[in-house]
Amino acid sequence: MPELPEVEVTRRQIEGLLVGRRIARVLTTARSYFFLTDPRRLRRGLTGRCVTRLDRRGKYLVATLDDGKQLLLHLGMSGQLFAEGVTSPRLLSASARSALTPEKQAAFAPDRHTHLQLCFEDGGPSVLMRDVRKFGKVRLLEPGESEPRLDKLGVDALEATGEQLFRATRGRQIEIKGLLLDQSVIAGVGNIYADECLFRAGVRPTRRAKRVTRRECDELIRALRETLQRAIDSGGSSISDFVAPDGRDGGYQDERCVYARSGEPCPVCGTPIRKIVAAQRGTHFCPKCQR
DNA sequence: ATCTGTCCCTGGACGC
DNA sequence: TGCGTCCAGGGACAGA
């Protein structure tokens, strides 16, 4: 599931494929839950335009167009943004995968989950957005139009401080993991990196936020930054669906300590990693190292 | 204001 | 082999 590192890796790669190229044609699937802007209006609004910059806000990508409009993209949990011509088994369903031997895997061809395709005047590779579960979002913002989803975002996870986290935890009954996942407090943290940073900071995910000390908040933020930065450097986590725009897998799944490792020994003390539900999410922790 | 539960969607895992 | 059932998970929203 794309979180800050995966979105940032996507941003860095897709920026070069998007910025400065004029959109000649836009293909979409039919109107659905996925489109916050009606696909017809989206196609009309994007055709002929040029992306001038691509920013990341938490887990959102914001492409600014040359007419002042902005294209808002969210990858949800199964969203993939990539260049035409790439090949990856993660872009295929299991049945399509097994039908092809590795040598025979052709470049990706748009399927029913490919909700957006931007083709460019220069005739070079198009940019595609695919999302099997449709938890992702696309919206075209008029110049100056606000978007509550963006307005609500808290401080970006890479810029958050221990002091900010500490203030946010005061008086809160919620589990600390739930607070870390709250995008209005810290933007960009999802299930994987919440579990990883709680492990690295030695804090149990179920601890009430108000019971987390100032020192632990510093430790959590330090661990969070380290984890996110390391994940960006290794290309993100490809645990289920994530592929980078160039079709390559990330590498951070091999470095994670607890996420999706229940039953495996804790890398620090050897105690089996336990899996529970916290904040309505699968949650992995070491019962000995995390208090 | 804060918190909890429900819903959106689909493929994959699992049981019979 | 094949079918049915359950589950994951980001985030919006309703209701307590």
Side-chain angles (χ1 to χ4, degrees), chain A residues 1-8 10 29-37 56-62 72-81 88-99 111-116 129-139 146-154 156-157 167-196 205-212 228 236-243 253 256 258-263 275-284:
Chain A
M1 49 253 53
E3 305 177 26
L4 186 149
E6 292 74 34
V7 178
E8 179 59 22
T10 299
T29 48
R31 183 178 190 146
S32 75
Y33 179 78
F34 179 81
F35 291 104
L36 296 174
T37 298
R56 181 186 59 75
R57 301 269 319 271
K59 302 179 199 173
Y60 289 88
L61 289 174
V62 184
L72 185 72
L73 303 172
H74 193 288
L75 297 175
M77 78 169 261
S78 58
Q80 301 164 318
L81 196 57
S88 166
R90 294 188 196 275
L91 296 172
L92 302 171
S93 66
S95 52
R97 241 192 324 266
S98 58
D111 59 0
R112 71 192 185 97
H113 303 300
T114 308
H115 301 298
L116 183 65
M129 187 171 178
R130 184 172 182 267
D131 186 356
V132 169
R133 296 202 174 121
K134 285 198 213 174
F135 280 10
K137 294 275 171 283
V138 175
R139 181 176 174 189
S146 70
E147 163 55 60
R149 291 170 176 80
L150 290 183
D151 297 342
K152 272 191 293 208
L153 292 179
D156 194 83
R167 274 204 305 268
T169 58
R170 291 311 85 187
R172 297 290 300 270
Q173 184 66 22
I174 189 179
E175 291 165 332
I176 182 64
K177 171 156 176 178
L179 194 86
L180 289 172
L181 291 176
D182 183 342
Q183 302 300 298
S184 71
V185 176
I186 296 179
V189 184
N191 211 26
I192 299 173
Y193 299 105
D195 281 5
E196 292 298 313
T206 48
R207 181 109 61 89
R208 300 291 149 185
K210 64 182 182 181
R211 302 280 179 228
V212 177
L228 296 175
S237 295
S238 290
I239 291 173
S240 50
D241 305 299
F242 177 70
V243 283
Q253 64 279 8
R256 73 199 197 278
V258 291
Y259 183 80
R261 288 206 190 279
S262 56
K275 180 176 182 183
I276 58 169
V277 174
Q280 289 93 246
R281 294 286 177 265
T283 298
H284 315 76

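Chain A is the first sequence line, chain B the second, and so forth, proteins listed ahead of strands; every chain is numbered from 1.
- Rounded to an integer number of Å, the gap from CG of D195(A) to P of dA8(C) is 13 Å.
- Y259(A) comes within 4.0 angstrom of sugar-phosphate atoms only, judged by non-hydrogen atoms across all strands, and of no base.
- Remark: the backbone N or O of A279(A) is paired with a side-chain donor or acceptor of E175(A) at under 3.5 angstrom.
- The Y60(A) side chain lies nearest to dA12(C) when the options are dG9(C), dT10(B), dA12(C).
- Considering only side-chain N and O atoms, R149(A) lies nowhere under 4.0 angstrom from the phosphate OP1 or OP2 of dG10(C).
- Of the two residues contacting DNA chain C, namely K152(A) and M77(A), the nearest-nucleotide position lying further toward the 5' end is that of M77(A).
- Computed from coordinates, the L181(A) CG to dA12(C) P distance equals 13 Å when rounded to whole Å.
- At least one cation-pi condition fails for K275(A) and Y259(A): the charged atom is not both under 6.0 angstrom from the six-membered ring centre and inside a 45 degree cone around its axis.
- Residue contacts shown for Q183(A) are limited to sugar-phosphate atoms, with no base heavy atom under 4.0 Å away.
- Dashed line: the shortest gap from a side-chain N or O of H113(A) to OP1 or OP2 of dG11(B) is under 4.0 Å.
- Here the P atom of nucleotide dC8(B) and the CD atom of Q280(A) are 17 Å apart, to the nearest Å.
- Checking H115(A) against T29(A) by side-chain atom types alone, a donor-acceptor pair falls below 3.5 Å.
- As a whole-Å value, the separation of R172(A) CZ from dT4(B) P is 10 Å.
- Within the 4.0 Å cut-off from OP1 or OP2 of dG10(C), at least one side-chain nitrogen or oxygen of R281(A) is found.
- Rounded to an integer number of Å, the gap from R57(A) CZ to dG10(C) P is 20 Å.
- Rounded to an integer number of Å, the gap from CG of L179(A) to P of dC3(B) is 9 Å.
- Formation of a donor-acceptor pair under 3.5 Å by the E8(A) side chain with backbone atoms of R56(A) is not found in this model.
- For dC9(B), its base never sits under 3.5 Å from the side chain of Y33(A) at any donor and acceptor pair.
- Dashed line: the shortest gap from a side-chain N or O of H74(A) to OP1 or OP2 of dG10(C) is not under 4.0 Å.
- Proximity of a side-chain donor or acceptor of D111(A) to a complementary backbone N or O of T114(A) within less than 3.5 Å is detected.
- Phosphate proximity of dG11(C) to K59(A): present, with a side-chain N or O under 4.0 Å from OP1 or OP2.
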